[in-house]
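For the numbers below, each heavy atom of this structure counts, side chains included, while hydrogens, waters and symmetry mates do not. On a predicted model such as this, the values are computed, not experimentally measured, just so you know.
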Amino acid sequence: MLNDRVARGLLFTGVLSAILFFQPLHAFSMGLDLTGFQAFSLNNGKALLGKKLPGKTYTFVAIGFNPARQKEIELWMEKALLLNLNRTETPIGVLEMAIVEEKYKTFRAQIEPLMKRKIENKTLLPRVYAGYANHLVLKKSLGIPDKTDTYYLLCDPQGRVLWKTFSPFNKNDYDTLREKLLH
């Protein structure tokens, strides 16, 4: 039997894997029921309440566990947004889910303004959400090595992971990401 903390972490993982596919300009997810789940926009502080919506496009997702890696995350997001310049189809969604340890959720009012100030490219703010979860449980459920601070992935509209990396931005990973979007 799972203890309550692990169960909450696993529940969060299920809804996180769906909510990650929300983009400010095009509200969509992977068709999963997210009723009752909240992530918080760093742009306007509004809670993103879970809904059941059909998937419509590819989505690049940056999952960050360490605020010290924010510049790296922003570089990946900027490069992913550039991929839309050559697309004739629906633009890809690009977003970041900054994961804060769940025990700090009561300090949201202090944490999220600090997170917002750390983002250098303010045009990315509408694409950044704060989620609160047990880091170890979430990493394990997503298959992320424990010592990894960032995780980048490209998902298709059905939620299948087409590409992923744990690496800082590099040309080889970027070229592979671009190829996945072209095929």
Report task. Decide yes or no for C155 and Y58: does some side-chain heavy atom of the first lie under 4.5 Å from some side-chain heavy atom of the second? Result -> no
Report summary line: Shortest non-hydrogen pair, M77 vs V128, comes out as CE-CG2, 4.5 Å
**Report entry** Q70 versus E96, side-chain donor and acceptor atoms under 3.5 Å
**Finding:** yes
Report task. Compare all side-chain heavy atoms of L181 with those of L154 and state whether any distance is below 4.5 angstrom. Result -> yes
Report summary line: d(L153 CG, I63 CD1) to nearest 0.5 Å is 5.5 Å
Query raised in the report: Is a side-chain donor or acceptor of N43 paired with a backbone partner of R127 at a separation under 3.5 angstrom?
Result: no
Query raised in the report: Taking atom types as modelled, is there a side-chain donor on N121 or T123 under 3.5 Å from an acceptor on the other?
Result: yes
Query raised in the report: According to a 4.5 Å side-chain heavy-atom criterion applied to Ile, Leu, Val, Met, Phe, Trp and Tyr, with indirect links allowed, do V161 and F65 form part of one hydrophobic cluster?
Result: yes
Query raised in the report: Do E72 and Y152 meet the criterion of a side-chain donor-acceptor pair at a distance under 3.5 Å?
Result: yes
Requested in this report: Spell out, as yes or no, whether a donor-acceptor pair under 3.5 Å connects the side chain of T176 to the backbone of N172.
Outcome: yes
Query - Check: T150 main-chain N/O paired with T148 side-chain donor or acceptor under 3.5 Å - result: no
Query raised in the report: Got V94 and W76 here, is their nearest side-chain heavy-atom distance under 4.5 Å?
Result: no
Requested in this report: Would you kindly say whether D173 and N170 are connected by a side-chain donor-acceptor distance under 3.5 Å?
Outcome: yes
Requested in this report: Determine whether Y132 and L114 fall in the same hydrophobic cluster, where Ile, Leu, Val, Met, Phe, Trp and Tyr are linked whenever their side-chain heavy atoms lie under 4.5 Å apart.
Outcome: no
Query raised in the report: Under a single-linkage definition using a 4.5 Å side-chain heavy-atom cutoff for Ile, Leu, Val, Met, Phe, Trp and Tyr, are L83 and L162 assigned to the same hydrophobic cluster?
Result: yes
Query - K164 charged N/C atom sitting above Y151 aromatic ring, 6.0 Å / 45° - result: no
Query raised in the report: Does the ring of F40 carry R108 above it, NZ/CZ under 6.0 angstrom from centre and within 45° of its axis?
Result: yes
Query raised in the report: What heavy-atom pair brings K139 and P145 nearest, and what distance separates the two atoms?
Result: CD-O, 4.0 Å
**Report entry** Donor-acceptor contact below 3.5 Å, side chain H135 vs main chain I99
**Finding:** yes
Query raised in the report: When rounded to the nearest 0.5 angstrom, what is the spacing between CZ in R69 and CG in D149?
Result: 5.0 Å
Requested in this report: Could you tell me whether the side chain of L81 reaches within less than 4.5 Å of the side chain of L124, counting heavy atoms only?
Outcome: yes
Report summary line: Value for OH (Y129) from CG (L42), rounded to nearest 0.5 Å, stands at 9.5 Å
Query raised in the report: Got more than 12 heavy atoms from elsewhere within 6.0 Å of NZ, K122?
Result: yes
Query raised in the report: Is there side-chain contact between E112 and V100, with at least one heavy-atom pair below 4.5 Å?
Result: no
Query - Spacing of CD belonging to E179 relative to CH2 belonging to W163, to within rounding of 0.5 Å - result: 12.0 Å
Query raised in the report: Going by heavy atoms in the side chains, are I119 and L125 under 4.5 Å from each other?
Result: yes
**Report entry** More than 12 heavy atoms from other groups under 6.0 Å of CZ on F107
**Finding:** no
**Report entry** Sub-4.5 Å side-chain heavy-atom contact between N84 and I92
**Finding:** yes
Query raised in the report: K79: what forms a side-chain contact (heavy atoms from CB on, under 4.5 Å) with it, not counting sequence neighbours?
Result: L75, L82, F169, Y174
Query raised in the report: If every non-hydrogen atom of A130 is compared with every non-hydrogen atom of M115, which pair is closest and at what distance?
Result: CB-CE, 4.1 Å
Query raised in the report: For Y104 and I111, what are the C-alpha separation, side-chain angles and deciding distance, and is it a side-chain contact (heavy atoms from CB on, under 4.5 Å)?
Result: CA-CA 8 Å; Y104 299 118; I111 292 171; 3.6 Å; yes
